[in-house]
Amino acid sequence: DIVMTQSPLSLPVTLGQSASISCRSSQSLLHSNGNTYLHWFHQRPGQSPRRLIYEVSTRDSGVPDRFSGSGSGTDFTLMISRVEAEDVGVYYCIQGSRRPPTFGPGTKVEIK
Amino acid sequence: VQLVESGGGLVQPGGSLRLSCAASDFTLENYWMTWVRRAPGKGLEWVANIGKDGRDKYYVDSVKGRFTISRDNAKNSLYLQMDSLRAEDTAVYYCVRDPDFHAFDAWGQGTMVTVSS
């Protein structure tokens, strides 16, 4: 199985500042069809997870453009610019390129 | 899109539970469906998924032989039969729509399963 790691696991941020979360996979996530199936989710306290970004960098409808995804192969990044209070919670990456799908351990974002 | 889980609760180790997920506002038969769980204090874990017609099924190793995923497209419903439950199965279980390559684009509110004596 592909192992996903994230860093940091805890991320205190100041409102209005930027935040960056790294996600790494134990194997390349480049699928034989040429696409890379690395997705990002956000789970606020007491809520269900919500998808933010799919296939590395495509933002979901309604997701602010403060959120951006990048990367390739085994190294990926979620960037949050101008952090707002509603951004708190846990962020997860997941790889869907190979079965079974595997999540990263999560990065907890909190406001300083 | 709406996904509503039910069937969670408190069960003793070794017991069984059947989770249900009612889907609405989309055509269930057009999608793979998945169960994901989150244990207390831990992260998300993919549990099982099922193909559009119910023939293809996959499970995380820790539940193989104990859990069975199924669906009834005519009833717009997804199920998870959980047998031989263990304390480590304690978690919130989410019903999730999978449009392709595990890009889970819709989640239910979750149902809590507690395995304890």
Side-chain angles (χ1 to χ4, degrees), chain A residues 1-10 21 23 25 29-63 69 89-109, chain B residues 1-6 8 19 21-23 25-26 31-51 56-65 67 69 78 91-113:
Chain A
D1 297 358
I2 293 179
V3 177
M4 305 297 291
T5 58
Q6 289 181 231
S7 62
L9 298 182
S10 178
I21 300 171
C23 173
S25 57
L29 301 186
L30 179 63
H31 193 274
S32 57
N33 66 11
N35 295 328
T36 299
Y37 298 102
L38 185 285
H39 320 300
W40 289 95
F41 294 83
H42 176 213
Q43 186 170 28
R44 295 190 179 104
Q47 296 188 13
S48 300
R50 168 200 179 196
R51 194 180 69 185
L52 294 176
I53 287 172
Y54 59 96
E55 294 182 40
V56 181
S57 60
T58 304
R59 219 170 22 247
D60 270 277
S61 174
V63 174
V90 184
Y91 291 80
Y92 298 92
C93 60
I94 180 177
Q95 68 81 20
S97 293
R98 287 169 185 74
R99 291 197 182 98
T102 42
F103 286 96
T107 294
K108 186 174 183 178
V109 171
Chain B
V1 173
Q2 198 166 18
L3 297 165
V4 179
E5 302 93 337
S6 60
L19 305 185
C21 171
D25 298 330
F26 71 99
Y31 292 89
W32 279 68
M33 295 297 293
T34 289
W35 289 96
V36 172
R37 66 185 178 185
R38 184 178 184 187
K42 299 201 172 180
L44 298 172
E45 179 182 39
W46 170 83
V47 175
N49 65 354
I50 185 168
D56 295 318
K57 303 177 184 182
Y58 298 92
Y59 301 90
V60 68
D61 284 348
S62 60
V63 309
K64 282 179 183 174
F67 289 13
I69 190 171
L78 175 73
V92 175
Y93 285 74
Y94 297 98
C95 169
V96 186
R97 190 175 79 170
D98 185 353
D100 225 348
F101 292 97
H102 312 296
F104 307 136
D105 68 345
W107 296 64
Q109 85 288 351
T111 187
M112 183 71 205
V113 172

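Numbered from 1 within each chain, the chains take letters A, B, ... in sequence-line order. None of these values were measured; they are calculated from a predicted model.
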*Where do A:Arg51 and B:Pro99 come nearest, in terms of heavy atoms and distance?*
NH1-CG, 4.2 Å

*Against chain B, label A:Arg98 side chain, backbone, both or neither, depending on which of its atoms sit under 4.5 Å from a heavy atom there.*
neither

*Is the number of heavy atoms from other residues, nucleotides or ligands within 6.0 Å of NZ (B:Lys42) greater than 12?*
no

*So which heavy atom on A:Ile94 is nearest to which on B:Phe104, and how close?*
CD1-CE1, 3.4 Å

*Winner by heavy-atom pair count (cut-off under 4.5 Å) against chain B, out of A:Gly106, A:Gly96, A:Pro49*: A:Pro49

*Is A:His39 reaching over with its side chain to a backbone N or O of B:Asp105, donor-acceptor style, under 3.5 angstrom?*
no

*Specify which of A:Ser97, A:Pro101, A:Pro100 makes the most heavy-atom pairs with chain B at under 4.5 Å.*
A:Pro101

_If I compare all heavy atoms of A:Tyr54 with all of B:Ala103, which pair ends up nearest, and what's the gap?_
CB-CB, 4.4 Å

_Minimum heavy-atom distance between A:Ser48 and B:Gly110, given as atom pair plus value_ = OG-N, 4.5 Å

_Segment of A:Gln47 engaging chain B (4.5 angstrom heavy-atom cut-off)_ = backbone

*Answer whether the closest heavy-atom distance between the side chains of B:Phe101 and A:Asn33 falls below 4.5 Å.*
yes

*Can you name the closest pair of heavy atoms from B:Gly43 and A:Tyr92 and give their distance?*
CA-OH, 3.5 Å

*How many angstroms lie between atom OH of B:Tyr94 and atom CD of A:Gln43, to the nearest 0.5 angstrom?*
4.0 Å

*Given that the side chain runs from C-beta out, which part of B:Val36 has a heavy atom under 4.5 Å from chain A: side chain, backbone, both or neither?*
side chain

